[in-house]
Amino acid sequence: MGICPSSGYGRVMSDVSVTVYTREDCHLCEEAIDTIERVADDEGVALDLSLVDVDTDEELREEYGERVPYVLLDGSPAFKYRVDERRLRRKLTA
């Protein structure tokens with residue numbers, strides 16, 4: 001649990017669960033992760049960030065193939081390939 005300064009003094013909110021399906025040497029993945037961390041920090045939102053390398057599991061590699069990064073927020077699909085900063089900001093502060 002963390003304090004979310006943008007939503008009112010002392011208001012406590014749960015961490016936002018973020019899962020990023022990624023692979024090694026993926027510049028779009030690096031950009032997505034950087035954007036997610038920066039926006040969450042700007043908004044004072046605590047993240048529970050999990051990175052999943054699709055190349056470490058045959059089923060994941062088949063499911064996601066080249067469709068990385070693939071980002072889930074609290075278990076729901078949110079972004080594919082690129083993270084739109086404005087949409088992410090709205091999702092994290094809703």
Side-chain angles (χ1 to χ4, degrees):
M1 290 268 225
I3 303 285
C4 182
S6 64
S7 55
Y9 178 74
R11 182 171 171 196
V12 177
M13 62 183 295
S14 298
D15 292 357
V16 175
S17 173
V18 180
T19 304
V20 181
Y21 289 92
T22 183
R23 65 174 16 105
E24 240 180 89
D25 299 322
C26 169
H27 74 280
L28 290 177
C29 299
E30 293 168 10
E31 287 177 16
I33 294 163
D34 289 345
T35 299
I36 292 165
E37 291 176 331
R38 181 175 39 75
V39 169
D41 188 52
D42 287 351
E43 296 298 329
V45 174
L47 296 179
D48 178 13
L49 180 62
S50 299
L51 305 179
V52 179
D53 185 340
V54 300
D55 291 328
T56 63
D57 182 286
E58 183 65 32
E59 287 180 29
L60 290 176
R61 188 171 37 251
E62 285 180 26
E63 182 174 350
Y64 292 97
E66 296 298 317
R67 295 181 309 131
V68 293
Y70 194 85
V71 180
L72 304 177
L73 294 180
D74 287 332
S76 296
F79 301 98
K80 181 170 61 172
Y81 303 125
R82 296 194 183 276
V83 174
D84 180 278
E85 186 173 330
R86 285 186 295 169
R87 282 185 44 223
L88 176 62
R89 207 171 288 282
R90 283 194 306 268
K91 289 175 180 286
L92 292 179
T93 58

Q: Calculate, to the nearest 0.5 Å, the distance between atoms CZ and CD belonging to R38 and E85 respectively.
A: 4.0 Å

Q: Do E31 and L28 come close enough that some side-chain heavy atom pair is under 4.5 Å?
A: yes

Q: Heavy atoms only: give me the nearest G65-R23 pair and the separation to one decimal.
A: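 Smallest interatomic distance, heavy atoms only, reads O-NH1, 2.6 Å.
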
Q: Do L47 and L72 share a hydrophobic cluster (ILVMFWY, side-chain heavy atoms under 4.5 Å, transitive)?
A: no

Q: Rounded to the nearest 0.5 Å, how far apart are CD of E62 and CG of D57?
A: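 Answer rounded to 0.5 Å: 9.0 Å.
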
Q: In this structure, are over 12 heavy atoms from other groups packed under 6.0 Å from E24 atom CD?
A: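 No, not enclosed.
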
Q: Can you name the nearest heavy-atom pair linking E66 to Y81, along with the distance?
A: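 That closest heavy-atom pairing would be O-CE2, 3.7 Å.
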
Q: Do you reckon Y21 sits in the same ILVMFWY cluster as V18, going by side-chain contacts under 4.5 Å, direct or chained?
A: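 No, Y21 does not connect to V18 through the hydrophobic network.
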
Q: Evaluate R89 against D42 for side chain to side chain contact (heavy atoms under 4.5 Å, CB included), listing each step before the verdict.
A: CA-CA 9 Å; R89 207 171 288 282; D42 287 351; 3.6 Å; yes

Q: L92, V71: one ILVMFWY side-chain cluster at the under-4.5 Å cut-off?
A: yes

Q: Considering only heavy atoms from C-beta outward, does the side chain of F79 approach that of V20 to under 4.5 Å?
A: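 Side chain of F79 against side chain of V20, heavy atoms only: no contact under 4.5 Å found.
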
Q: Under the side-chain contact (heavy atoms from CB on, under 4.5 Å) test against L73, which residue among T19, I36, L88 passes?
A: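 Between L73 and the candidates, side-chain contact (heavy atoms from CB on, under 4.5 Å) is satisfied uniquely by L88.
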
Q: Do you know which two heavy atoms are closest between D53 and D55, and how far apart they sit?
A: OD1-N, 2.9 Å

Q: Does I33 share a hydrophobic cluster with V54, counting links as ILVMFWY side-chain heavy atoms below 4.5 Å and allowing steps through other members?
A: no

Q: Which of parallel (below 30°), tilted (30 to 60°) and perpendicular (above 60°) describes Y70 and Y64?
A: tilted

Q: Locate the shortest heavy-atom distance separating V52 from L60; write the atom from each residue and the value.
A: CG1-CD1, 3.5 Å

